[in-house]
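Here's the structure, in structure tokens; my notes come after.
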Amino acid sequence: MKIATYNINGINARLPVLLRWLEEQQPDVACLQELKKQQEDFPLEAINNLGYEAIWHGQKSWNGVAILSRVGTPVEIRRGLDGDPEDVQSRYIEADVAGIRIGCLYLPNGNPAPGPKFDYKLAWMQRLNDHAKGLLKSKKPVVLTGDFNVIPTPKDAYKPERWTGDALFFPESREAFAKLLKQGWTDAVRHLHPDETIYTYWDYFRNAFSRNAGIRIDHFLLSDELVPRLKAAGVALDVRGWEKSSDHAPVWIELKD
DNA sequence: ATGACACGTCAAACGTGA
């Protein structure tokens, strides 16, 4: 089974690329972030036509997450995280798909840091970590994936020194991510490729992609039950090179059935 | 240190992203 995550940076502008990607690379499950569309305007028909069912949590202009599946209806477990009833941003959706609990997340960017946006990021990470602990405790096979907006280590950035003042690389962000991993999650891509240069995001400007001046911020975290089933993991670099592509590339894992 | 680009909203710049 192939599961993918893709920050599409606007489902409106990205629909042709999204459909081409689904058609050509056929992920069984696809977690999407940054729909930037209100709930009613999700292009369900076009996605259904390719054999996918979908659940999503939209929001006007910003954020928005979705789980697509062609291996059975995604059964929604929750949208949003506990811990802040005031939080209206669409950044988390969770479903059971083909026997796996899948959490799809779009973690806040947090810039400029320090400041209120960074405070929101750190509070959101705390809420995520609290929820993740419960997921592990359930002993279900769980995948926690999406745009974490965290560069975990210096080797996950083309020029780490350029990111020292950035919320994606701030010590507090990296520590919160490390704390999450320490609960018992496995970073699937790093697990299989410990020393490789792997990026998932490249700026639109300065030919960042052709220079491979990127960062690794889209991650797949696996619960222990799933680690023995992990066959392969990678980044769909070709998709980032397509016309009108997102600034992120899809990331995927392959699990034994 | 700054800005390069892209997207959505809205119909001109501006907020946001990373």
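Throughout, protein chains are lettered first and strands after them, A, B, ... in sequence-line order, and every chain is numbered starting at 1.
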**OP:** Mind calculating the distance between CH2 (A/Trp163) and P (B/dA18) to the nearest angstrom?
**Re:** 9 Å
**OP:** Return the value, rounded to whole Å, for the distance between atom CH2 of A/Trp202 and atom P of B/dA6.
**Re:** 16 Å
Original post:
Do we see a donor-acceptor contact under 3.5 Å between the side chains of A/Lys36 and A/Asn9?
Top reply: yes
Original post:
Any Lys/Arg nitrogen of A/Asp87 or A/Arg127 sitting under 4.0 Å from an Asp/Glu carboxylate oxygen of the other?
Top reply: yes
Original post:
What residues, two or more places apart in sequence or in another chain, satisfy side chain to side chain donor-acceptor pair (under 3.5 Å) together with A/Trp62?
Top reply: none
Original post:
Does A/Arg78 pair with A/Asp82 as a salt bridge, N-O distance under 4.0 Å?
Top reply: yes
Subject >> Integer-rounded Å distance: B/dC7 P and A/Asp203 CG >> reply: 14 Å
Subject >> Toward the 5' end of DNA chain B, by each residue's nearest nucleotide, A/Lys244 or A/Asp166 >> reply: A/Lys244
Subject >> Interatomic distance at P, B/dT2 relative to B/dA6, whole Å >> reply: 23 Å
**OP:** Can you tell me the distance, in whole Å, between the CD atom of A/Gln59 and the C1' atom of B/dC7?
**Re:** 15 Å
**OP:** Report the hydrophobic cluster partners of A/Leu168, with the cluster defined as I, L, V, M, F, W, Y residues connected by side-chain heavy atoms closer than 4.5 angstrom, directly or transitively.
**Re:** A/Ile151, A/Trp163, A/Phe169, A/Tyr201, A/Ile215, A/Ile217
Subject >> Within residues 4-32 of chain A or reaching into it, pairs that qualify as ring pair (Phe, Tyr, Trp, His ring centres under 6.0 Å) - sequence neighbours excluded >> reply: A/Tyr6-A/Trp21
Original post:
How far does the P atom of B/dC14 sit from the matching atom of B/dA18, given to the nearest Å?
Top reply: 22 Å
Subject >> Nearest heavy atoms of A/Gln33 and A/Thr5, plus distance in Å >> reply: NE2-OG1, 2.9 Å
Show each protein N/O and nucleotides 13-17 of chain B N/O combination with a separation under 3.5 Å, one pair to a line.
from	atom 1	to	atom 2	distance (Å)
B/dG17	OP2	A/Lys117	NZ	3.4

Original post:
Can you check the A/Trp242 CH2 to B/dA6 P distance for me, whole Å?
Top reply: 18 Å
Original post:
Hey, does A/Asn12 reach any base, or is it just sugar-phosphate, or nothing, if we go heavy atoms under 4.0 Å?
Top reply: sugar-phosphate
Subject >> Derivation of the side-chain contact (heavy atoms from CB on, under 4.5 Å) call for A/Tyr92 and A/Val65 >> reply: CA-CA 7 Å; A/Tyr92 188 82; A/Val65 283; 5.7 Å; no
Original post:
Quick one: A/Ile8 CD1 to B/dG8 P, roughly how many Å, whole number?
Top reply: 10 Å
Original post:
Can you give the dot-bracket line for DNA chain B, where a pair is Watson-Crick or G-U wobble with both atom distances under 3.5 Å, crossing pairs use [ ], and | marks a partner on another strand?
Top reply: ....(((((...))))).
Subject >> Sugar-phosphate, base or nothing in reach of A/Arg14, heavy atoms under 4.0 Å >> reply: sugar-phosphate
**OP:** Report the residues that fulfil side chain to side chain donor-acceptor pair (under 3.5 Å) with A/Arg174, sequence neighbours left out, ordered by chain and then residue number.
**Re:** none
Subject >> B/dA13 to B/dA1 separation - C1' atoms, rounded to the nearest Å >> reply: 24 Å
Subject >> Whole-Å distance separating the CZ atom of A/Phe209 from the C1' atom of B/dA18 >> reply: 17 Å
**OP:** Flag this pair as yes if the NZ/CZ of A/Arg240 is under 6.0 angstrom from the six-membered ring centre of A/Phe209 and inside a 45 degree cone about the axis; otherwise no.
**Re:** yes
Subject >> B/dG3 to B/dG15 separation - P atoms, rounded to the nearest Å >> reply: 14 Å
**OP:** Have a look at A/Lys37 and say if it touches a base, only the backbone sugar-phosphate, or nothing, with a 4.0 Å heavy-atom cut-off.
**Re:** nothing
Subject >> Interatomic distance, A/Leu35 CG vs B/dT9 P [rounded to whole Å] >> reply: 12 Å
